Structure formats: structure tokens, C-alpha cells
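For reference, the structure is listed below as C-alpha cells.
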Amino acid sequence: MDYAKQFDPEGVSEDAPGGSGGSSDERVYVFDDHTVLAVNVALATGRPLLVSGPPGSGKSTLAPNVARVMGYRYYCEVVTARTEDQDLLWREEMFRQLSDAREGRFGGPTAQEYHRPGALWMALDPSRDPELRPEQRERPAVVLIDEIDKADPDFPNALLVPLGELRFPGPGGTVVTADPEARPPLVVVTTNEERSLSGPFLRRCIALRLEPPGRDHLLRVAELHLGDGYDRALAEQLADHLLGSFSQHRSGVASTAEYLDTLRACRRLGVGADSPLWRSVADLAMVKSGFDAEEHP
């Protein structure tokens, strides 16, 4: 298997699987060489890709765009303080069991209909994904575990075996495992670095840190997203405004998505680079210094 060339964002087209569909924003992601290399190393080693970086650097949108470029299936688990490692594997439908038992339709505790597969199970076994079209079942998968540091500190370590061996015990003692003939899923894990992750978990991952977008990156993203509506002069002014605000406020500044929203708002309001209103629009849409994340967790 040629791992060296398997992820190539320059080679995707609208005719490729995953190369079309979704909103315009979902189909645009500017990959730098370091990010492409990190994805390919993760694919070559079969290890999870652990992605860190400041807000607005593109952590959560990396995985779905890798899936889009490669034509892979895509699954996501957004972690909260209540998320358990079991949620990635499968959830037991207790209420359905009780309802069926009351009505005399109980099929036994290990019946398939009483266990809802999680993101990792569907990634390993596409037959458990009821929304897949037949032509998608042979495709590998990308799994996003978003904001892993929001969970209990033991959560990452509980995933070491399922992620490392791509197998875990299923309902009734069955074993869920990957098809040995299929390409294993790419697991992308994001962290906001709000809590330290354990050494064993970090050693199992390929680590990628995304930096805040620079001026050239912002302008390239704006050009790709806005097409014929791209106003370079305004895009430059807003990019400089955002970067200047970031250096002052750090946590209270917009992401790339909000930068794009500001450009769109200016265009729809008829506000150009020569209008004094562009700065007011930018301050409303991009800079959140009055709602600093450190002061308002």
C-alpha cells in the first residue's frame, strides 16, 4: 500500500468521492505542507492524530475535510464533561428494552436493536451504519473525537486499547474488530489543552499543533470562499485588523470562520474598503474582548 501519496489535497476534484456536496465553507480548507505530512504519518502508522492549537486554527474542521478530500466515511463524537469512553463504542438502549419487555416483545439483552453503535464501531463495521449508501460501505473512515480534554481525566487512557488495537468487547461478549483486509480508520483527536493528557496516551498519538492563521492564509481562505465576491482590499484590511486584535486580546478574537462572516456581512451591507464602517462591522463580528474566555469560562 502506497502510504506516501495517499493524502493529497491538491489532487481532489469536485468529481471525486467526497469532493462535492455540503456547503461552500465545508468544501474549502487550506492545508499547509506540515499538516499534510502529519496526516500521512498518522495514516502510515495507524496512530491517532492529536491536534492542538488556539481557537480559530482549524482543529475541528481538519478531520471532516480530510474525509472529504479522500472520499472517506466520516464520524464525529463531540466530547463533554458527561462523555464516557463507552459512548464511542456503543450505547445500550435501556428504555427500549423496558418498553419491549412491558409489551412482551423483548428480544433478549444482547439483541442488536438494543445497542446503538458509536462512532468507532461504525467506523470499524460499516454494516452498523444505517445511513450509508451501498457504494459507501467499502470506503475507509475518519473519526473525530473533538475536545477530548473536556472529559474525565481517565477518558483518554480508557481509549488506549480500542484505538490501539481497533477492537473492543461488544454486547453479549462479542468482539468488535476491524476487517483485516480493510484500511483502518484515521482517528483525529482535538484538544484545547485545558487539561494535561497522560503520557501513555500522548505516546500513542502523532502530535500536530496548528498555529493561528497568518495574513497570507487568511487572504487565501477568503479568496477561495468568496470567489467572484472577493474584495482583496477589504480582505487585507480585515486580516490586519484581526491579527492586530489577536496580538492585543489573544483569547477574545474571532476565528477564521468569523473573519469570513465579517467579509460577507460587509459585502451584503455594501461596506467596502473605502468605507469608515468596515471597522465597526469588524469590531462587532470579530473582536470579543469584552467576553474574554479566561474571565467567562
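Source: prediction; values computed, not measured.
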For Arg133, does its backbone N or O pair with a side-chain atom of Gln136 as donor and acceptor, under 3.5 Å?
yes

Do the two ring centres, one from Phe31 and one from Tyr29, sit under 6.0 Å apart?
yes

Short side-chain to backbone donor-acceptor contact, Asp149 and Asn192, under 3.5 Å:
yes

Can you tell me if Ser280 and Asp283 form a side-chain donor-acceptor pair at under 3.5 Å?
no

Pair Arg215-Asp240, salt bridge (Lys or Arg N to Asp or Glu O under 4.0 Å): steps then yes or no:
CA-CA 7 Å; Arg215 189 176 193 269; Asp240 292 338; 2.7 Å; yes

Check whether any side-chain heavy atom of Arg267 sits under 4.5 Å from a side-chain heavy atom of Asp231, and report yes or no.
no

Check whether any side-chain heavy atom of Thr262 sits under 4.5 Å from a side-chain heavy atom of His241, and report yes or no.
no

Can you tell me how far apart CG (Leu88) and CD1 (Ile145) are? Round to the nearest 0.5 Å.
4.5 Å

Would Tyr75 and Val142 satisfy side-chain contact (heavy atoms from CB on, under 4.5 Å), going step by step from the backbone distance to the final call?
CA-CA 6 Å; Tyr75 303 100; Val142 173; over 6 Å; no

Heavy-atom check, side chain of Leu120 versus side chain of Pro162, under 4.5 Å
yes

In sequence, state the C-alpha distance, the side-chain angles, and the governing distance for Leu166 and Leu124, and then conclude on side-chain contact (heavy atoms from CB on, under 4.5 Å).
CA-CA 8 Å; Leu166 296 179; Leu124 295 178; 4.1 Å; yes

Separation between CD1 of Ile148 and CD of Glu194, rounded to the nearest 0.5 Å:
12.5 Å

Output yes when a side-chain donor or acceptor of Arg47 lies under 3.5 Å from a complementary backbone atom of Arg203, and no otherwise.
yes

Does any N or O in the side chain of Lys59 come within less than 3.5 Å of the main-chain N or O of Leu210, such that one atom is a donor and the other an acceptor?
no

Between Thr83 and Lys150, is any pair of side-chain heavy atoms under 4.5 Å apart?
no

Check this for me: Glu138, atom CD, are more than 12 non-hydrogen atoms of other residues, nucleotides or ligands nearer than 6.0 Å?
no

Let me see the working for Val51 and Val189 under side-chain contact (heavy atoms from CB on, under 4.5 Å), right down to the final yes or no.
CA-CA 6 Å; Val51 185; Val189 183; over 6 Å; no

Got a donor-acceptor contact below 3.5 angstrom from the Asp87 side chain to the Glu84 backbone?
yes

Donor-acceptor contact present, side-chain Ser57 to main-chain Pro54, <3.5 Å
yes

Using a 4.5 Å cut-off on heavy atoms from C-beta on, say whether the side chain of Leu219 contacts that of Tyr230.
yes

Thr190 side chain vs Glu147 backbone, donor-acceptor pair below 3.5 Å:
yes

Is there a side-chain contact between Leu186 and Val66, using heavy atoms and a 4.5 Å cut-off?
yes

Given side chains that start at C-beta, do those of Val187 and Leu49 come closer than 4.5 Å, heavy atoms only?
no

Tell me, do Leu234 and Leu263 make a side-chain contact under 4.5 Å, heavy atoms counted?
yes

Ring pair (Phe, Tyr, Trp, His ring centres under 6.0 Å) involving Phe201 - partner list, sequence neighbours excluded
none

With the threshold set at 4.0 Å, does a side-chain nitrogen-carboxylate oxygen contact exist between Arg137 and Glu135?
no

Does a side-chain N-to-carboxylate-O contact under 4.0 Å join Asp129 and Arg73?
no

Taking Tyr259 for its side chain and Ala235 for its backbone only, find out whether a donor-acceptor pair lies under 3.5 Å.
yes

Side chain Asp125, main chain Trp121, donor-acceptor under 3.5 Å:
no

Please determine whether side-chain contact (heavy atoms from CB on, under 4.5 Å) holds for the pair Leu260 and Val221, giving the CA-CA distance in whole Å, both sets of side-chain angles, and the decisive distance to 0.1 Å.
CA-CA 8 Å; Leu260 292 172; Val221 169; 3.9 Å; yes

Let me check something: do Leu226 and Leu269 share a hydrophobic cluster, defined by ILVMFWY side-chain heavy atoms less than 4.5 Å apart, either directly or through other members?
yes

Output for pair (Ser196 OG, Leu202 CG), nearest 0.5 Å, gives 8.5 Å

